[in-house]
K.L.:
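Below you'll find the structure I mean.
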Amino acid sequence: MALQVYSTLTRKKEPFHKQPGERVSMYVCGPTVYKPSHIGHMVGPVIFDTVKRYLTYLGYDVKWVVNITDVDDKLIKRAAELNTTVPALAEQMTADYLDCLKKLNVTGIDQFPKATDHIPGMIGMISTLIAKGYAYPAAGDVYFDVSKDKDYGKLCNRDPEQLEAGARIEVSDKKRNPGDFALWKGAKPGEPAEVQFDSPWGKGRPGWHIECSAMSRALLGDTLDIHGGGLDLQFPHHENELAQSESTTDQPFARVWMHNGLLKMGSAKMAGSVGNVVNIADLLQRHSAETVRFLLLGTHYRSPIEYSEERLDEVKTSLQGFYQFFESYERVTGESYFTLPVPERERDWPKSPQDAVNERLVIATLLGDYLGYMQDDFNTGGAVGVLHRTLRNLNTLVNRTENLGRFTYQGATPSRETLLNQLRESTIILRGMTSILGLFWEAPVKKALGGLAPIRVTANVAEVAVTSSATGTTGATPETIINGLMQLLLDLRANLRTEAKSAAKDNPLKKALFDQTDLIRKRLADLGVTLEDRPGGTTWRVG
RNA sequence: GGCCCGGUAGCCAAGUGGAAAGGCAACGGUUUGCAAAACCGUCACACGCCGGUUCGACCCCGGCCCGGGCCUCCA
């Protein structure tokens, strides 16, 4: 099935209008930089980052632009409150925004144009609109005349006549129609000089909406392939952008309009106006960026996302299985999941599943399911489900490899090498699937011990001794000491276990020795350290 | 009032005109000296309610109830 994308304009899924290999322009409305970002601000970026990753995987050449609106009423107000300047505030908040994107692994945005860098473009557009009769100056302001635009309201099904009925629209005697909106706002007395720009209509600043029309046009052209943004921007923001742009260029403004659902807390949306926002910096103190991204992608992008601490805890738990697998994978293959090649484009994926055996075939089927979901309007929720099913198969493969000989096969027992090959190829597929979603981009940090890697203790104590002396003792740091102590403890425990296991059943020492090994494990558990005795030796981890 | 969007198990959440993915929680089992981890199994005769279309609907149509969003700044 060809890629299907839901368009707000037609209210239905449509086959994507471009072919792999072609360029795709994507514009997503960014923030007005007057406050630190909250998680709601990250929904769109995470989703469209995933959209870009998937389109890239399919072979499209995507150029993605996100605007920074750095001049606006809210900025002026906030800067005054903080006793700073608008540019200084904007710069600081932009840095915060970019930092949040980086933390959530939103890496696909190609350009972040600032409104203040595009004033001439906006003035040009407004002049054109006036010349074509779509806009009119009024005492220093310039307004868009919605009655002149025949299809005004087509995105949101709004009837300009009925806009009056709402009566919540800002009233102004400068407007010809209640639904008219400002393209340019004349400077008001007392406003700082840095937000006063020269224009044919006197000093002033752009209205909200025009910056997106001007900047998307400047960087991506008259017609965008994809225009995205939050559901709450449909009206009036996108409706007005659409009206301005098409009235200016006489070209379709966007081929596809994609709107993401909003974050919900309980029964209400999360928003600055509701006052229930969760600041990202605070959030990341409690939960990993991975957990947050996983939460955002677990629900279809057009649906509201249920947000709560409980949800985050749940997601975190479900994520543990993946981390466990990554450790298993490394233990069994000696290779880190995070250094496996990432098949970024379709042509780079492992091929010829017909050559594969058993699990490898199953995983190839799962990949098909995964792609089926993604093809259907970027159904990341369904895709995440496939990830979990894939994980189960991979764990089975790990178990078979690690416990080779304990499993009975119908035909010939595969060699360890065969199993390892299957495991590696299958894991690369998982790696590719998670990478499209932008998940598991870096190895998790063992916070409690400052990045200390888990030690593996083999049952062979002689071998252990060699390992520890090879580690070296020079330059003792808290880390090397803790590491060494853990090693010591686990060595002793390994010895006890060996003794206990070899002791005869009726030997009273057997139980006594096992009691000691259990005591060590219990006391470590009290400290938050979990020991896992495996066929190849004992591993430990924090948590 | 107008315009949209939802209502799937205890919670979250996919989905298809032909007998409901996945996760969390719960329970049972395999494995383990015991654990941990992993794996297997159980867990919605049922998808807001009522009609209709159909051989057959959770999925299509109509009505109703409930919830949410937008119409004012908002990702």
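The figures here come from the full heavy-atom set of this structure, side chains too, leaving out hydrogens, waters and symmetry mates. Remember, predicted model here, so these are calculated numbers, not experimental data. Each chain gets a letter, A, B and so on, in the order the sequences are listed, and its residues count up from 1.
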K.L.:
Report yes or no: is the cationic atom of Arg158(A) (NZ for Lys, CZ for Arg) under 6.0 Å from the centre of the six-membered ring of Tyr152(A), at an angle within 45° of the ring normal?
P.N.:
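No - Arg158(A) does not lie over the ring of Tyr152(A) by the 6.0 Å and 45° rule.
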K.L.:
Give me the distance, rounded to whole Å, that separates C60(B) from C66(B) when you measure between the C1' atoms they each carry.
P.N.:
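That atom pair is separated by 23 Å.
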K.L.:
Please give the distance between the P atoms of C11(B) and A19(B) as a whole number of Å.
P.N.:
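The same atom, P, in both gives a distance of 27 Å.
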K.L.:
In terms of the nearest nucleotide of RNA chain B, which residue is placed more toward the 5' end: Thr530(A) or Gly382(A)?
P.N.:
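Result: Gly382(A).
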K.L.:
Taking the side chain of Ser303(A) as heavy atoms from C-beta outward, which of A75(B), G23(B), A14(B) is closest to it?
P.N.:
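Looking only at side-chain atoms, Ser303(A) lies closest to A14(B).
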K.L.:
Tell me which nucleotide, if any, is Watson-Crick or G-U wobble paired with U42(B) when both distances must be under 3.5 Å.
P.N.:
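U42(B) is paired with A26(B).
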K.L.:
So which nucleotide does U32(B) pair with, by the Watson-Crick or G-U wobble rule with both distances under 3.5 Å?
P.N.:
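U32(B) is unpaired by these criteria.
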K.L.:
Output the distance between atom CD (Glu306(A)) and atom CD (Glu314(A)), rounded to the nearest 0.5 Å.
P.N.:
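Reported to 0.5 Å precision, the distance equals 10.5 Å.
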K.L.:
Kindly point out which of C4(B), A75(B), G33(B) is positioned nearest to the side chain of Asn157(A)?
P.N.:
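Between C4(B), A75(B), G33(B), the one nearest the side chain of Asn157(A) would be C4(B).
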K.L.:
Nearest to the side chain of Thr317(A) - G23(B), C70(B), C24(B)?
P.N.:
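Closest of the options to the side chain of Thr317(A): C24(B).
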K.L.:
Which nucleotide, in any strand shown, forms a Watson-Crick or G-U wobble pair with C73(B), with both distances under 3.5 Å?
P.N.:
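Partner of C73(B): none found under 3.5 Å.
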K.L.:
Which label fits Phe294(A) and His388(A): parallel for a plane angle under 30°, tilted from 30 to 60°, or perpendicular past 60°?
P.N.:
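Ring orientation, 0 to 90° scale: perpendicular.
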K.L.:
Ignoring backbone atoms, test whether Arg392(A) places a side-chain nitrogen or oxygen under 4.0 Å from the OP1 or OP2 oxygen of C40(B).
P.N.:
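True: Arg392(A) side-chain N/O within range (under 4.0 Å) of C40(B) OP1/OP2.
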K.L.:
Mark yes or no for a side-chain to base donor-acceptor pair under 3.5 Å between Arg11(A) and C4(B), with no hydrogen or angle criteria applied.
P.N.:
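Looking at the base of C4(B), it does not pair with any donor or acceptor on the side chain of Arg11(A) (distance under 3.5 Å).
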K.L.:
Using the side-chain heavy atoms of Arg521(A), tell me which of these nucleotides is nearest: C24(B), G22(B), C34(B).
P.N.:
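Shortest atom-to-atom distance from the side chain points to C34(B).
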K.L.:
Mind calculating the distance between CZ (Phe235(A)) and P (G69(B)) to the nearest angstrom?
P.N.:
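Nearest whole value for this atom pair: 18 Å.
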K.L.:
For Asp518(A), answer base if it contacts any base atom (sugar-phosphate contacts may also be present), sugar-phosphate if it contacts only those atoms, and nothing otherwise; contact means non-hydrogen atoms under 4.0 Å.
P.N.:
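Answer is base: heavy atoms of Asp518(A) come under 4.0 Å of a base.
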K.L.:
Measure from NZ or CZ of Arg302(A) to the centre of the six-membered ring of Tyr6(A) and say whether it is under 6.0 Å with the direction within 45° of the ring axis.
P.N.:
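Yes, cation above the ring, under 6.0 Å and within 45°.
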K.L.:
Which nucleotide in the set C39(B), C70(B), G33(B) lies at the smallest distance from any side-chain heavy atom of Arg158(A)?
P.N.:
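Between C39(B), C70(B), G33(B), the one nearest the side chain of Arg158(A) would be C70(B).
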K.L.:
Choosing from G23(B), A37(B), C34(B), which nucleotide comes nearest the side chain of Arg541(A)?
P.N.:
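Comparing G23(B), A37(B), C34(B) against the side chain of Arg541(A), the answer is A37(B).
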K.L.:
A38(B), G15(B), G33(B): which one has an atom nearest the side-chain heavy atoms of Asn395(A)?
P.N.:
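Nearest listed nucleotide: A38(B).
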K.L.:
Do the side chain of Arg311(A) and the base of C24(B) come within less than 3.5 angstrom through a donor-acceptor pair of N or O atoms?
P.N.:
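By the distance-only test, no, there is no pair.
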K.L.:
For the side chain of Met270(A), counting heavy atoms from C-beta on, which of A14(B), A75(B), C39(B) is nearest?
P.N.:
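Of all the options, the side chain of Met270(A) is nearest to A75(B).
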K.L.:
Under the criteria of a ring-centre distance below 5.5 Å and an interplanar angle below 30°, is Phe514(A) stacked with the base of G33(B)?
P.N.:
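Stacked: ring centres under 5.5 Å, planes under 30°.
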K.L.:
Hey, are Asp518(A) and Arg521(A) close enough for a salt bridge, meaning a charged N less than 4.0 Å from a carboxylate O?
P.N.:
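Yes, this pair counts.
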K.L.:
Could you tell me how far C59(B) sits from G2(B) if I compare only their P atoms? Round to whole Å.
P.N.:
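To the nearest whole Å, 26 Å.
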K.L.:
Could you give the distance separating G41(B) and C24(B) at their P atoms, to the nearest angstrom?
P.N.:
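So the two P atoms sit 15 Å from each other.
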K.L.:
Rounding to the closest angstrom, what is the interatomic distance between A25(B) and G10(B) at atom C1'?
P.N.:
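Comparing C1' positions in A25(B) and G10(B) gives a spacing of 8 Å.
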K.L.:
Rounded to the nearest angstrom, tell me the gap between atom CZ in Arg400(A) and atom C1' in U31(B).
P.N.:
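So the two atoms are 15 Å apart, to the nearest Å.
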K.L.:
Considering heavy-atom distances to RNA chain B, does Leu262(A) or Tyr373(A) have its closest nucleotide positioned more toward the 5' end?
P.N.:
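Result of the comparison: Tyr373(A).
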K.L.:
I'd like the P distance from C34(B) over to A46(B), given in whole Å.
P.N.:
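Those two atoms are separated by 42 Å.
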K.L.:
With both distances under 3.5 angstrom, what nucleotide forms a Watson-Crick or G-U wobble pair with G51(B)?
P.N.:
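Per the H-bond distance test, C61(B).
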K.L.:
Looking only at side-chain atoms of His388(A), point me to the closest of G22(B), G69(B), A25(B).
P.N.:
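So the nucleotide nearest the side chain must be G22(B).
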K.L.:
Side-chain donor-acceptor pair under 3.5 Å between Thr32(A) and Asp72(A), yes or no?
P.N.:
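There is no such pair (donor and acceptor under 3.5 Å, judged by atom type) between the side chains of Thr32(A) and Asp72(A).
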K.L.:
Taking G6(B) as the reference, what is the distance to G48(B) when you measure between their C1' atoms (whole Å, please)?
P.N.:
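One C1' to the other, the span is 11 Å.
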K.L.:
Rounding to a whole Å, what distance do you find between Asn379(A):CG and G22(B):P?
P.N.:
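The answer, rounded to whole Å, is 15 Å.
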K.L.:
Any donor-acceptor pair under 3.5 Å linking the side-chain atoms of Ser288(A) with those of Arg293(A)?
P.N.:
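Result is no, nothing qualifies.
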K.L.:
Nearest whole Å is fine: how far is A14(B) P from Glu306(A) CD?
P.N.:
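Rounded to whole Å, this separation is 11 Å.
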K.L.:
Expressed in whole Å, how much space separates the P atoms belonging to G52(B) and G28(B)?
P.N.:
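One P to the other, the span is 46 Å.
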